[in-house]
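Start at 1 with the first residue, then count along the sequence. What you are looking at is a predicted structure, and each value in this text was computed from that prediction instead of being measured.
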Amino acid sequence: MRYRLALALLSAFVSAASPSTAMAQGIRNFCAAARQHVEGDFKLSDAVRQVFGQPYYGVPSQQDAACIYPLQVLRYGSADVLLTMGNEPGQACHGCSASLSAYFLARTGGGLKLVNKAIDFGQAGTSGYPGDISPVRIGKDDGIAIESGGTFQGHTLMLLDFYAFHAGRVVHVEASPRVALSASDAGAVGDSGPNTDVSGSWVIPPGASNTLRVEYKVTVGRRRSATSATWRLIGERWVLSSGGPPKALEAGQ
């Protein structure tokens, strides 16, 4: 039951231990540490100017400081989406997630025009770092996938979450069961038995945007195995339709 407990711990930390910066997107000050990151990326700096005008990078690096940190620009068919967070990455408590906001910029006449925004639409990651974010197609909607996780009591877990841009809103597309991508108990103290490592790779196949497939590789001591799981999109939720996460991931066997 080691991974089940660790998954519960991680979910509790991410949902309950969000930093005090959750509403930081309503302020105008930017994290000082964001300046080099933004100015070194033309597409990102252009999007920031379109949304905020000339930013003021006035908030120094310190834990739990409320400031805007532009993360990245994602490109879709007719629009770009600027993603920001409410704190400097890594400047939050170990169990604290990052609060994310999205600004939707239509590409018109060779430029960008702000048409919508979603402030603090979701939270992800630990230590104020949201993880890896990539653009995806979820059913009929554009959206994002977030790979994030952390280490708690020697157990490392990586989770996969999805948000869809639907009817002017950013909707959390939950999964049943939740998609855990990888896990390791190599750092756990006091656990008996061989070390267990699980690594997973995921894909939403082209032309099948209502399907999520994860391929798992499992190592328990010297034994190796592989399995897969497939989720189908039903409404606004991924539902397991075949296979399943490896037993080692579910119960630490």
Side-chain angles (χ1 to χ4, degrees), residues 14 18 21-31 33-55 57 66-89 97-125 128-148 159-175 179 202-204 206 209-210 212 233 236-238:
V14 169
S18 301
T21 58
M23 298 305 296
Q25 303 296 315
I27 65 175
R28 302 291 294 181
N29 285 351
F30 281 63
C31 309
R35 183 167 192 163
Q36 184 175 0
H37 173 61
V38 173
E39 294 182 351
D41 184 328
F42 174 78
K43 184 166 64 174
L44 180 59
S45 61
D46 187 35
V48 168
R49 283 194 301 270
Q50 292 295 327
V51 173
F52 299 100
Q54 183 60 43
Y57 298 99
C67 54
I68 298 174
Y69 191 100
L71 279 174
Q72 64 192 102
V73 175
L74 301 177
R75 189 175 181 86
Y76 297 91
S78 60
D80 291 350
V81 177
L82 169 65
L83 295 178
T84 69
M85 54 187 286
N87 61 278
E88 179 185 340
S97 57
S99 180
L100 298 172
S101 293
Y103 300 86
F104 298 85
L105 297 156
R107 295 194 296 273
T108 58
L112 298 172
K113 180 181 179 181
L114 180 65
V115 294
N116 199 5
K117 58 185 176 181
I119 307 300
D120 297 323
F121 68 79
Q123 299 169 358
Y129 177 73
D132 296 325
I133 303 175
S134 55
V136 291
R137 187 74 175 172
I138 305 172
K140 297 181 179 180
D141 298 315
D142 291 322
I144 59 174
I146 305 177
E147 299 178 49
S148 65
L159 306 172
L160 180 63
D161 285 291
F162 293 91
Y163 289 86
F165 308 146
H166 179 74
R169 300 178 298 123
V170 180
V171 179
H172 185 203
V173 184
E174 298 183 354
V179 183
W202 65 274
V203 65
I204 297 177
S209 57
N210 64 339
L212 168 65
L233 186 66
E236 296 179 353
R237 188 178 186 89
W238 293 111

Closest approach of [X] and [Y], non-hydrogen atoms and distance?
{"X": "Cys31", "Y": "Tyr57", "result": "O-CD2, 3.4 Å"}
{"X": "Pro130", "Y": "Met85", "result": "CD-SD, 3.8 Å"}
{"X": "Val51", "Y": "Leu82", "result": "CG2-CD2, 4.0 Å"}
{"X": "Ala124", "Y": "Ser148", "result": "CB-OG, 4.2 Å"}

List the residues meeting side chain to side chain contact (heavy atoms under 4.5 Å, CB included) with Asn116, not counting sequence neighbours, and say none if there are none.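 Applying side chain to side chain contact (heavy atoms under 4.5 Å, CB included) to Asn116 gives Phe104.
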With His172 via side chain to side chain contact (heavy atoms under 4.5 Å, CB included) - residues at least two apart: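 For His172 the side chain to side chain contact (heavy atoms under 4.5 Å, CB included) partners, ignoring immediate neighbours, are Asp161, Tyr163, Glu174.
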Given side chains that start at C-beta, do those of [X] and [Y] come closer than 4.5 Å, heavy atoms only?
{"X": "Ile133", "Y": "Leu100", "answer": "yes"}
{"X": "Ile119", "Y": "Tyr103", "answer": "yes"}
{"X": "Trp238", "Y": "Val179", "answer": "no"}
{"X": "Phe162", "Y": "Leu233", "answer": "no"}
{"X": "Ile146", "Y": "Leu159", "answer": "no"}

Pairs flagged by salt bridge (Lys or Arg N to Asp or Glu O under 4.0 Å) wherever residues 131-141 is involved - sequence neighbours left out: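 Found Arg137-Asp142.
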Which pairs pass salt bridge (Lys or Arg N to Asp or Glu O under 4.0 Å) with one or both residues in residues 37-51, sequence neighbours excluded?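 Only Arg35-Glu39, Asp46-Arg49 qualify under salt bridge (Lys or Arg N to Asp or Glu O under 4.0 Å).
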Between [atom1] of [X] and [atom2] of [Y], what distance do you get to the nearest 0.5 Å?
{"X": "Phe121", "Y": "Ser99", "atom1": "CZ", "atom2": "OG", "answer": "8.5 Å"}
{"X": "Asn210", "Y": "Ile138", "atom1": "CG", "atom2": "CD1", "answer": "11.5 Å"}
{"X": "Ile68", "Y": "Asn87", "atom1": "CD1", "atom2": "CG", "answer": "11.5 Å"}
{"X": "Asn29", "Y": "Cys67", "atom1": "CG", "atom2": "SG", "answer": "8.5 Å"}

In sequence, state the C-alpha distance, the side-chain angles, and the governing distance for His166 and Val173, and then conclude on side chain to side chain contact (heavy atoms under 4.5 Å, CB included). CA-CA 11 Å; His166 179 74; Val173 184; over 6 Å; no
Considering only distance and modelled atom types, tabulate donor-acceptor pairs under 3.5 Å from the side chains of residues 74-81, sequence neighbours left out.
| residue | atom | partner | partner atom | Å |
| --- | --- | --- | --- | --- |
| Tyr76 | OH | Gly143 | O | 2.7 |
| Asp80 | OD1 | Arg107 | NH1 | 2.6 |

Give a yes or no on whether the backbone of Pro70 and the side-chain of Thr84 come within a donor-acceptor separation of less than 3.5 Å.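 Between the backbone of Pro70 and the side chain of Thr84 there is no qualifying donor-acceptor contact (under 3.5 Å).
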